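Scope of the values below: all heavy atoms of this structure, side chains included, with no hydrogens, waters or symmetry mates. Order of the sequence lines sets the chain letters (A, B, ...), proteins ahead of strands, with each chain counted from 1. Because the structure is predicted, anything quoted here is derived from the model rather than measured.
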2 protein chains.
Amino acid sequence: MERKQIQEQRIRNYFIEATREILKGEGLKSVNVRAIAERAGYSYATLYNYFKDIKELIFICVQDFQKEAEILINEKALSKPAGKERIREIAKDYIQYFTQYPGIFDLFFLEKMVGISGKHPTAELIYTFLDRLTENDWNTCRELNLYSEDQILTMKKQMNYSITGLLLMYMNRMHPQSYDLFIRDVDNQLSFVLDK
Amino acid sequence: MERKQIQEQRIRNYFIEATREILKGEGLKSVNVRAIAERAGYSYATLYNYFKDIKELIFICVQDFQKEAEILINEKALSKPAGKERIREIAKDYIQYFTQYPGIFDLFFLEKMVGISGKHPTAELIYTFLDRLTENDWNTCRELNLYSEDQILTMKKQMNYSITGLLLMYMNRMHPQSYDLFIRDVDNQLSFVLDK
DNA sequence: TTAATAAATTTAACAATGTTAATTATATTT
DNA sequence: AAATATAATTAACATTGTTAAATTTATTAA
């Protein structure tokens, strides 16, 4: 019975990996049952033996990508001392990850999750992501009495909301019009929040 | 020749009105060629005699809704004196308009505009909307020396980005989990930006 | 006014996508 | 090795956007 599960999980992973590849490459709009199955080396209907529907498969990728981004960003952060400046760095790496993979941004923030099994946990995972990445650093700021508890609560939210809005406008509406201008805006808005 | 144009525009308006109704009612995901045409009292193929494709029709509604919201919000603002507090009010009305019609928020910020004729003007219209609504009030603040020119530039952006992010998370990810908590967040974040 | 023509509208059809049911192929068990 | 269970595939259907062919309606010319 263990063998069965191992084999089953292996095949599930083929589909998951195929979906990840498409998401990273062509993006969310190119993800469809037939394209996934072809890349995985199966017929499109086989997918339904392993996943309830295509949405389940897609949202497994959310967790996957989040782990990937978390590792990537945390690795870069290790070399820097905890604190305000590292919050800035982490936020910029967070932003860079999404600009590098617009399909993943779509997946995280734009895709409607109606009817997803365990919808709420996934949504929570997404909107607390930046907070988790910067948790230690905010604690350090608190310990150094750089900001008060209340300030930190508001600043975290402000960062989270404004970065999401900035990413949304840049990726979906080409505003600002160039990457350079976008990065300049990122720096400005991070300063607005952090350098009170 | 004038008659022709009047009649043609009339029929276009039937389709536009039908699309507006669906967008306000069931939202963007319920907008489709057959539903629009049925509501307009025509066959689905007739639509293509008046519009290049369904996207053109949908994005005509963006301008329409923006005019509607602008009138609505400006009317309410008339009774208040120009300045910082009216910026707060206008921002809250702006937010309220979108929470009232989630389909219109989707349309404004989430719908991909690739391949839309005159894509850029429409995108520009959207991301400068809040700025236009509050233009007079920022000018008043400037004249009163309440904020500097540079501060205003940054604050406008910060408001725009954080409100967009806040709306996105509330509408797409149910965060915060209730309207009351959402409004509390709105107040907090507006204070963060305005009450330096 | 009526036959010819132009314009507008509709029905039929196709392509892409998600999904399910029926069929076929493969693996397991007795 | 035959019977049964499991897995995978093909066929089929529903929905949606779109185009082409057919039909209806309106306009124009005799």
Should the pair A:Arg142 and A:Tyr147 be classed as cation-pi, given the thresholds of under 6.0 Å to the six-membered ring centre and 45° from the axis?
-> no
Pair A:Phe109 + A:Tyr127: ring centers closer than 6.0 Å = no
A:Tyr42, nearest nucleotide to its side chain (from D:dA7, D:dT9, C:dT10) | D:dT9
Quickly work out the A:Lys112 NZ to C:dG18 P distance and round it to whole Å.
-> 18 Å
Separation of B:Lys29 atom NZ from C:dG18 atom C1', in whole Å?
-> 18 Å
Is the base of D:dA8 touched by the side chain of A:Tyr14 through a donor-acceptor pair closer than 3.5 angstrom?
-> no
Taking atom C1' of D:dT19 as reference, at what distance in whole Å does atom NZ of B:Lys52 sit?
-> 14 Å
Ignoring the backbone of B:Arg34, work out which of C:dT11, C:dT9, C:dA13 is nearest its side chain.
-> C:dA13
Side chain of B:Tyr44 - closest among C:dT9, D:dT19, C:dT19 = D:dT19
Centroid-to-centroid, B:Tyr97 to B:Tyr101, below 6.0 Å?
-> yes
Round to the nearest Å and state the distance from B:Asn32 atom CG to D:dA14 atom C1'.
-> 13 Å
Let me know, please, whether A:Ser43 or A:Glu8 comes out on the 5' side of the other along DNA chain D by nearest nucleotide.
-> A:Glu8
Of the nucleotides D:dT19, C:dT9, D:dT16, which one has an atom closest to the side chain of B:Ala45?
-> D:dT19
Nearest of C:dT19, D:dT16, D:dT18 to any side-chain atom of A:Val33?
-> C:dT19
Under 4.0 Å between a Lys/Arg side-chain N and an Asp/Glu carboxylate O for B:Glu26 and B:Arg39?
-> yes
Any B:Thr46 side-chain N or O less than 4.0 Å from OP1/OP2 of C:dT10 | yes
Rounded to the nearest angstrom, tell me the gap between atom CD in A:Gln5 and atom C1' in D:dA7.
-> 17 Å
Within the structure shown, what part of the strands sits under 4.0 Å from A:Ile11 by heavy-atom distance: base, sugar-phosphate, or nothing?
-> sugar-phosphate
Mind calculating the distance between CG (A:Leu57) and C1' (C:dG18) to the nearest angstrom?
-> 13 Å
Side chain of B:Tyr48 - closest among D:dT18, C:dT9, D:dA7 | D:dT18
Spacing of A:Leu47 atom CG relative to D:dT10 atom C1', expressed in whole Å | 16 Å
Please state whether the phosphate of C:dA8, meaning OP1 or OP2, lies under 4.0 angstrom from any side-chain nitrogen or oxygen of B:Asn49.
-> no
A:Phe65 and A:Phe108 aromatic centres sub-6.0 Å | no
Rounded to the nearest Å, what distance is computed from the CZ atom of residue B:Phe51 to the P atom of nucleotide C:dT9?
-> 12 Å
